[in-house]
Amino acid sequence: MQLDLFAPRLHQAPGAAAPGKTILVRHRWARRYILRVLDDGTLRVTLPRWGSKREALAFVEQSDAWIAKQRLKRESRPAVVHPDEPALRKRALAELPPELMVLAAAHGITVTRLSIRNQRSRWGACSARGSITLNWRLILVPPLVREYVMIHELMHRRELNHSKRFWRHVAAACPRHEEARKWLLTEGQRLFTGQETC
């Protein structure tokens, strides 16, 4: 699960056009160039602090086959519509924010903004400015898993990366995090695809 750890400053690459547009995002903690195809087909290219726009676009050009494959996968993946989705989203808006804020207070963490969204591949995100986004589908997962995702995002307020130190923070706050992660890998995909996983 890749998280939104990027600064808000976006640059659109020359000649890029929706739905296959490209945005360049500089991130001071990135150690390499990173490509990610978003749900709408946009290609997001993360540049390390020392990276150049020219090198980033060259990396994109070299990765054309991979990018096309990822876009095709997203286009062919059907959106799962839950029969009671409107009610579930309303419940998520009512229940998830208070749960997160209780956990934030318990760990002495400040959240600047919280939003509930309909991501098709991610459970949550945390920005450098302290804004946290949660997927409404968290209302459908077991309490342990929901708490893990929230703690995972909250711990990014201490370590905005996935370093060993970050995982130590997660383990201290959520001792059963490995169990929760396993559930997400084996069972969570069904909530996005509507299909059984093996």
Side-chain angles (χ1 to χ4, degrees), residues 1-16 19-74 100 103-104 107-115 117 119-135 148-175 177-178 180-182 184-185 188-189 192:
M1 178 175 58
Q2 188 168 344
L3 305 173
D4 278 335
L5 306 178
F6 311 117
R9 188 181 177 190
L10 306 180
H11 304 272
Q12 185 165 329
K21 68 179 181 179
T22 300
I23 55 175
L24 306 183
V25 186
R26 190 173 299 280
H27 186 261
R28 60 180 174 173
W29 286 289
R31 297 180 180 178
R32 57 188 174 85
Y33 294 97
I34 301 170
L35 301 180
R36 178 174 174 80
V37 177
L38 305 181
D39 292 337
D40 65 356
T42 297
L43 175 68
R44 181 168 57 197
V45 187
T46 302
L47 288 72
R49 182 172 53 185
W50 46 264
S52 71
K53 186 175 180 180
R54 184 173 64 180
E55 287 183 354
L57 294 177
F59 181 47
V60 169
E61 190 174 345
Q62 294 166 9
S63 307
D64 272 349
W66 180 87
I67 295 166
K69 183 179 178 181
Q70 294 302 310
R71 282 178 170 153
L72 184 62
K73 281 171 63 177
R74 275 160 176 73
L100 181 82
L103 286 170
H107 295 282
I109 293 173
T110 301
V111 177
T112 59
R113 184 171 179 267
L114 174 59
S115 57
R117 295 186 183 172
Q119 301 104 313
R120 288 183 60 189
S121 61
R122 291 177 299 173
W123 291 104
C126 178
S127 75
R129 294 184 175 183
S131 175
I132 289 181
T133 302
L134 298 176
N135 194 309
Y148 159 69
V149 172
M150 292 181 177
I151 286 175
H152 183 114
E153 303 309 333
L154 287 170
M155 291 305 115
H156 278 308
R157 295 291 288 127
R158 293 178 176 166
E159 292 288 332
L160 202 54
N161 51 52
H162 287 103
S163 63
K164 290 182 179 179
R165 187 159 59 177
F166 165 78
W167 287 111
R168 284 198 293 270
H169 286 309
V170 172
C174 183
H177 70 285
E178 290 185 1
R181 289 183 71 196
K182 183 178 179 181
L184 289 173
L185 291 171
Q189 185 180 351
F192 292 99

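Quick note: numbers below take in every heavy atom, side chains included, and nothing from hydrogens, waters or symmetry partners.
- Legend: residues meeting side-chain hydrogen bond (donor to acceptor under 3.5 Å, both in side chains) with Ser163, ordered by chain and number and at least two apart, are Asn161.
- Legend: residues meeting salt bridge (charged side-chain N to carboxylate O under 4.0 Å, His left out) with Glu159, ordered by chain and number and at least two apart, are Arg165.
- By the salt bridge (charged side-chain N to carboxylate O under 4.0 Å, His left out) test, Arg158 is found to be paired with no residue, residues two or more places apart in sequence or in another chain being considered.
- Of all the heavy atoms in Cys174 and Ile151, the pair that sits closest is CB-CD1, 3.7 Å.
- Panel note: side chain Arg26, backbone Leu47; no donor-acceptor pair is recorded below 3.5 Å.
- Aromatic ring centres of His169 and His177 lie farther apart than the 6.0 Å criterion allows.
- Taking both residues in full, the closest heavy atoms of His152 and Val170 are given as CA-CG2, 4.4 Å, listed atom of the first, atom of the second, then distance.
- Under the side-chain contact (heavy atoms from CB on, under 4.5 Å) criterion, Arg113 pairs with Ser115, Arg117, Ser131, not counting sequence neighbours.
- Proximity of a side-chain donor or acceptor of Arg157 to a complementary backbone N or O of Thr110 within less than 3.5 Å is detected.
- In terms of heavy-atom proximity, Pro48 sits nearest to Ala30 at CB-O, 3.2 Å.
- Contact detail for Val37 and Arg71: the closest heavy-atom pair is CG1-CG, 3.7 Å.
- Residues Thr46 and Arg36 have side chains not in contact (no heavy-atom distance under 4.5 Å, counting atoms from C-beta outward).
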Let me see the working for Tyr148 and Glu153 under side-chain contact (heavy atoms from CB on, under 4.5 Å), right down to the final yes or no.
-> CA-CA 9 Å; Tyr148 159 69; Glu153 303 309 333; over 6 Å; no

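- Looking at Gln119 and Thr133, their side chains come closer than 4.5 Å, going by heavy atoms from C-beta outward.
- Contacts of Arg168 classified as side-chain hydrogen bond (donor to acceptor under 3.5 Å, both in side chains), with partners at least two apart in sequence or in another chain: none.
- Looking at every heavy atom in both residues, Ile23 comes nearest to Thr42 through CG1-CG2, 4.0 Å.
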What donor-acceptor contacts under 3.5 angstrom involve side-chain atoms of residues 54-67, with partners at least two apart or in another chain?
from	atom 1	to	atom 2	distance (Å)
Glu55	OE1	Tyr33	OH	2.7
Ser63	OG	Phe59	O	2.8

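- Annotation: the span from His156 atom NE2 to Phe166 atom CZ amounts to 3.5 Å, rounded to 0.5 Å.
- Rounded to the nearest 0.5 angstrom, Leu154 CG and Leu100 CG are separated by 4.5 Å.
- Here the closest non-hydrogen pair linking Cys126 and Ile132 is SG-CG1, 4.1 Å.
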